[in-house]
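Hydrogens, waters and symmetry mates are skipped; everything else that's a heavy atom, side chains included, is used. Proteins come first, then strands; the chains are lettered A, B, ... in the order of their sequence lines, and each starts at number 1.
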4 protein chains.
Amino acid sequence: MMKQSIPKLQKKKEKRAALLQATLLLINQGGIQEASMSKVAKMASVSPGTIYLYFENKQDLVNQLYLDIKAEFSEEAFKDFKKEEPVKESFEKIWYRIASFQTQKSEEASFLTQCDNTPMIDEESRQEGLKHLQPLVDLWNRGQEEGIIKRISPYVLYAFTIYPMAFLMNTKNRSYCKLDEQILEKAFEAAWDSIKL
Amino acid sequence: MMKQSIPKLQKKKEKRAALLQATLLLINQGGIQEASMSKVAKMASVSPGTIYLYFENKQDLVNQLYLDIKAEFSEEAFKDFKKEEPVKESFEKIWYRIASFQTQKSEEASFLTQCDNTPMIDEESRQEGLKHLQPLVDLWNRGQEEGIIKRISPYVLYAFTIYPMAFLMNTKNRSYCKLDEQILEKAFEAAWDSIKL
Amino acid sequence: MMKQSIPKLQKKKEKRAALLQATLLLINQGGIQEASMSKVAKMASVSPGTIYLYFENKQDLVNQLYLDIKAEFSEEAFKDFKKEEPVKESFEKIWYRIASFQTQKSEEASFLTQCDNTPMIDEESRQEGLKHLQPLVDLWNRGQEEGIIKRISPYVLYAFTIYPMAFLMNTKNRSYCKLDEQILEKAFEAAWDSIKL
Amino acid sequence: MMKQSIPKLQKKKEKRAALLQATLLLINQGGIQEASMSKVAKMASVSPGTIYLYFENKQDLVNQLYLDIKAEFSEEAFKDFKKEEPVKESFEKIWYRIASFQTQKSEEASFLTQCDNTPMIDEESRQEGLKHLQPLVDLWNRGQEEGIIKRISPYVLYAFTIYPMAFLMNTKNRSYCKLDEQILEKAFEAAWDSIKL
DNA sequence: CATGAATGAGATTTCATTCAT
DNA sequence: AATGAATGAAATCTCATTCAT
């Protein structure tokens with residue numbers, strides 16, 4: 001009542017974060033249809049009405065979650081990325097960072113997969129999310145100019161190197177198959193082999 | 001009233017088919033949340049109550065749709081499949097058939113992608129759907145014994161050869177990129193390169 | 001196809017009977033709300049549409065069931081009833097016959113209880129059902145004239161002698177308490193004591 | 001808007017009460033089948049959704065109504081009940097209090113009758129409701145020890161003394177017969193005669 | 001007579017959103 | 001800012017009844 005140990009702004013951010021986190025978990029568990037606003041509120045220990053102080057509506061909540069996680073994803077993917085490094089080395093680093101994201105932040109990764117394969121997200125937000133991959137596209141371009149990488153559309157390159165990780169992630173989650181280091185190496189080999197010249 | 005042009009059984013099947021088709025389109029358009037039973041009924045020109053003559057409930061409707069399409073998918077994928085053919089030839093044929101399914105039956109393909117990356121489908125139905133791929137797994141096994149294919153889990157093989165097509169399909173649908181014959185060839189090359197020894 | 005082992009009329013009656021029986025059991029189990037026309041049909045091994053060949057609608061089905069059972073009840077109650085016998089003897093006989101009906105035909109008895117304490121039955125049918133008790137009312141009248149029975153309304157006499165059996169029946173069904181011969185005798189004593197002068 | 005005449009808690013209780021009252025009236029009028037949730041809502045001047053803030057579902061609504069009224073009933077029945085009074089006096093007081101409840105709160109009484117003769121109520125709630133009668137059972141026990149009351153099961157005692165009032169109530173409601181003081185005295189006499197030694 | 005698929009109104013219940021406090 | 005009771009439209013599902021066969 002007297003003093004607030006946590007500054008207001010931070011408290012606000014915390015509530016927003018709690019709401020996003022709750023949404024993330026609920027959508028992963030049962031899809032968007034199971035993530036009702038009141039469940040989200042309850043899980044975030046907040047009143048349903050409060051959600052609307054932070055988000056315009058449900059769609060906005062999901063869109064913001066998507067964009068936040070996409071940003072987190074690309075930050076992770078391109079951490080320590082240096083433009084000058086050799087193409088393969090750079091690609092390998094990025095690939096493993098993404099793999100690491102998939103395993104370390106599996107909830108986030110699952111959610112992205114669900115968004116990217118579903119009409120859950122506004123087309124606008126989806127476009128917005130795509131931009132994050134630009135550094136990788138640039139890298140591939142360089143690789144193609146250097147004659148190291150096949151001359152195919154970045155969509156195809158993405159489809160055969162990055163996108164498969166989502167599948168492995170999901171199957172791993174459903175525990176048909178463990179993703180240990182050895183398998184990861186094999187997987188990277190497959191990814192690289194599919195696009196290298 | 002005059003003459004009975006359509007036999008009963010066929011009429012019955014037609015209604016079931018219309019319901020499944022409506023569900024397919026609606027889920028592709030807006031996800032499962034937008035595919036309400038009344039919309040499905042309206043689109044199939046049927047009364048809401050009628051749905052429940054053919055399906056137990058919404059989940060059952062979606063599950064059956066999934067299994068039906070999975071069956072259609074694998075029938076297409078393994079049409080003319082002969083066990084004696086060389087591994088690569090066989091694989092190539094299957095791969096192209098799947099690619100063809102993705103483009104010819106794009107609604108069905110989109111739907112499968114959505115199901116496979118979402119908690120939309122019962123785990124039971126999902127397992128059931130997986131069985132359809134057994135011939136491909138067997139083929140890969142043979143390829144591994146013959147020393148043609150890398151010794152990695154079929155999940156990984158699938159992730160790098162078949163799963164990418166879903167992505168290409170979706171991007172194609174969203175028309176960022178056309179899937180012409182030339183691209184297809186490149187894509188197959190990528191797929192094969194990723195797993196061949 | 002050729003010959004019908006069961007004459008048509010009988011078959012018709014059998015179907016009607018089966019429908020009434022099914023209704024009886026279902027209403028006893030879960031009340032009128034649980035006795036849907038399709039459940040009734042299924043239990044009677046008949047198509048839903050067929051019900052409407054025998055009964056106008058659901059209300060009519062229930063009303064007819066009520067009246068049929070009321071008739072059965074009073075036939076049982078007044079079997080071998082002779083107007084000349086002494087009042088107490090007559091009453092005792094009737095009372096025991098009713099008790100016997102309650103135990104022998106417990107489903108029917110339960111159903112009557114439910115009808116008589118519920119707005120389930122048309123007022124008209126209810127009035128109709130009441131007429132069956134006329135002989136008992138007459139007997140009581142005679143008893144009153146003979147100075148054997150208290151001079152109170154037949155409704156009250158009924159309330160304290162016959163109506164209690166429904167309660168005992170129900171509790172017996174729910175098996176809190178067994179209705180053996182000894183208890184029955186005590187119960188009759190109570191009934192008689194309550195109205196005798 | 002101007003001043004808050006009614007405290008929140010009271011308002012909340014009022015809404016619950018209005019819902020229970022509406023349910024009571026509707027079930028009395030047409031049985032449980034006629035008491036749809038929307039009718040209940042409308043009669044309580046409340047939105048359908050609001051019901052579910054106060055009750056889990058329809059069954060819960062009915063169960064709570066039953067238990068509430070049973071409690072009200074027994075509070076009325078055993079008001080001013082003193083353990084030391086002579087058995088007959090005590091019994092008489094209780095009996096008249098119940099009679100008074102039946103006439104004063106005829107809707108509530110009708111409802112209880114309907115519940116007690118119908119599979120409308122969960123067995124659990126029914127058991128719960130039975131407990132309220134314990135003081136009467138104890139009284140009877142004492143009467144039996146004192147040699148005043150017949151040695152028969154409390155079920156039978158109940159059947160011949162209390163249960164009949166429900167019948168009289170119902171017939172009174174249907175106005176075949178008025179329950180004036182004189183009739184009431186006769187009725188009590190019948191009740192007492194049936195169980196006294 | 002009998003069927004049972006089909007209907008569509010209506011039942012129960014949920015849920016995104018609002019608003020008085 | 002925050003609450004959470006309240007809303008009411010809409011979702012899922014049921015069911016008495018009809019009608020073409």
Side-chain angles (χ1 to χ4, degrees), chain A residues 8-9 11-12 15 33-42 45-61, chain B residues 1-2 4 7-9 11-12 15-16 32-42 45-61, chain C residues 4 8 11-12 15 33-42 45-61, chain D residues 1-2 4 7-9 11-12 15-16 32-42 45-61:
Chain A
K8 261 194 172 169
L9 193 71
K11 236 171 126 189
K12 186 166 171 179
K15 227 162 239 183
Q33 48 176 356
E34 290 296 306
S36 72
M37 296 301 259
S38 33
K39 277 191 201 163
V40 168
K42 189 167 289 168
S45 308
V46 138
S47 151
T50 303
I51 303 182
Y52 293 84
L53 299 174
Y54 296 86
F55 305 95
E56 261 182 54
N57 51 36
K58 190 176 181 180
Q59 186 65 57
D60 181 43
L61 167 61
Chain B
M1 194 157 297
M2 206 95 282
Q4 192 186 346
K8 242 189 180 175
L9 194 72
K11 239 168 126 186
K12 189 168 173 178
K15 221 159 246 181
R16 198 188 105 101
I32 217 181
Q33 50 174 353
E34 289 297 307
S36 74
M37 296 304 257
S38 29
K39 279 189 200 163
V40 168
K42 194 163 288 170
S45 307
V46 138
S47 148
T50 303
I51 303 183
Y52 296 86
L53 297 176
Y54 295 87
F55 306 95
E56 264 182 51
N57 50 37
K58 190 176 180 179
Q59 186 64 59
D60 182 43
L61 167 61
Chain C
Q4 266 169 311
K8 260 194 173 169
K11 235 170 128 187
K12 187 168 172 179
K15 228 163 238 181
Q33 48 176 356
E34 289 297 306
S36 72
M37 296 301 258
S38 33
K39 277 191 202 162
V40 168
K42 189 167 289 169
S45 309
V46 138
S47 151
T50 303
I51 303 182
Y52 293 84
L53 298 174
Y54 294 87
F55 305 94
E56 261 182 53
N57 50 36
K58 191 176 179 179
Q59 186 64 59
D60 181 42
L61 167 62
Chain D
M1 193 155 303
M2 206 96 279
Q4 192 185 343
K8 243 189 178 173
L9 194 71
K11 239 168 123 187
K12 189 168 173 178
K15 222 159 246 180
R16 199 190 103 101
I32 217 181
Q33 50 175 355
E34 288 298 306
S36 74
M37 295 304 257
S38 27
K39 278 190 201 162
V40 168
K42 195 165 287 171
S45 307
V46 138
S47 149
T50 302
I51 303 182
Y52 295 86
L53 296 176
Y54 295 88
F55 306 96
E56 262 183 51
N57 51 38
K58 190 176 180 178
Q59 186 66 58
D60 181 43
L61 167 61

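The OH atom of Y52(A) sits 5 Å away from the C1' atom of dT17(E) (whole-angstrom rounding). Separating the NZ atom of K39(A) from the C1' atom of dA16(E) is a distance of 14 Å, rounded to the nearest angstrom. Atom CD1 of I51(B) is separated from atom P of dA5(E) by 16 Å (rounded to the nearest Å). Separating the NZ atom of K42(C) from the C1' atom of dT3(E) is a distance of 15 Å, rounded to the nearest angstrom. One interatomic measurement links the two molecules: CZ of R16(D) to C1' of dA5(F), which rounds to 16 Å at whole-angstrom precision. When the C1' atom of dA11(F) is taken as reference, atom CD of E34(A) falls 13 Å away, rounded to whole Å. Residue Q33(C) contributes atom CD, which lies 15 Å from atom C1' of dA16(F) at whole-angstrom precision. Taking atom CD of residue Q59(B) and atom C1' of nucleotide dA11(F), one finds them 15 Å apart after rounding to whole Å.
Toward the 5' end of DNA chain F, the nearer of the two residues N57(C) and N57(B), judged by each one's closest nucleotide, is N57(B). The residue among E56(B) and G49(A) whose nearest nucleotide of DNA chain F lies closer to the 5′ end is G49(A). Toward the 5' end of DNA chain E, the nearer of the two residues V46(B) and S38(D), judged by each one's closest nucleotide, is V46(B).
Summarising the geometry of S47(A) relative to A41(A), their closest heavy-atom pair is C-CB, 3.9 Å, with the distance given to 0.1 Å. Of all non-hydrogen atoms in I51(D) and V46(D), the two that sit nearest each other are N-CG1, 4.5 Å.
The L53(C) side chain lies nearest to dA2(E) when the options are dC13(F), dA2(E), dT7(F). Taking only side-chain atoms of S36(C), from C-beta outward, the nucleotide of dA16(E), dT12(F), dC15(F) with the closest atom is dC15(F). The listed nucleotides are dT7(F), dA16(F), dG8(F); the one nearest the side chain of P48(D) is dG8(F).
F55(C) comes within contact range of no nucleotide atom at all, as no heavy-atom separation falls under 4.0 Å.
Checking the phosphate oxygens (OP1, OP2) of dT3(F), a side-chain nitrogen or oxygen of T50(A) falls inside 4.0 Å. Note on Y54(C): a side-chain N or O is less than 4.0 Å away from OP1 or OP2 of dA2(E). Under 4.0 angstrom from either OP1 or OP2 of dA2(E) there lies at least one side-chain N or O belonging to K15(C). Side-chain nitrogen and oxygen atoms of S47(A) include none within less than 4.0 Å of the OP1 or OP2 phosphate oxygen of dA2(F). Neither OP1 nor OP2 of dT17(E) sits under 4.0 Å from any side-chain N or O of K58(A).
dA20(E): Watson-Crick or G-U partner is dT3(F), with both key distances under 3.5 Å.
No donor-acceptor distance shorter than 3.5 angstrom exists from the side chain of K58(C) to the backbone of M37(C), with no hydrogens or angles considered.
Atoms CD and CD, from Q33(D) and Q33(C) in turn, are 8.0 Å apart once rounded to the nearest 0.5 Å. In this structure, OH on Y54(D) lies 14.0 Å from CG on D60(D), to the nearest 0.5 angstrom.
dC1(E) and dT21(F) have their C1' atoms separated by 13 Å, with the value rounded to a whole Å.
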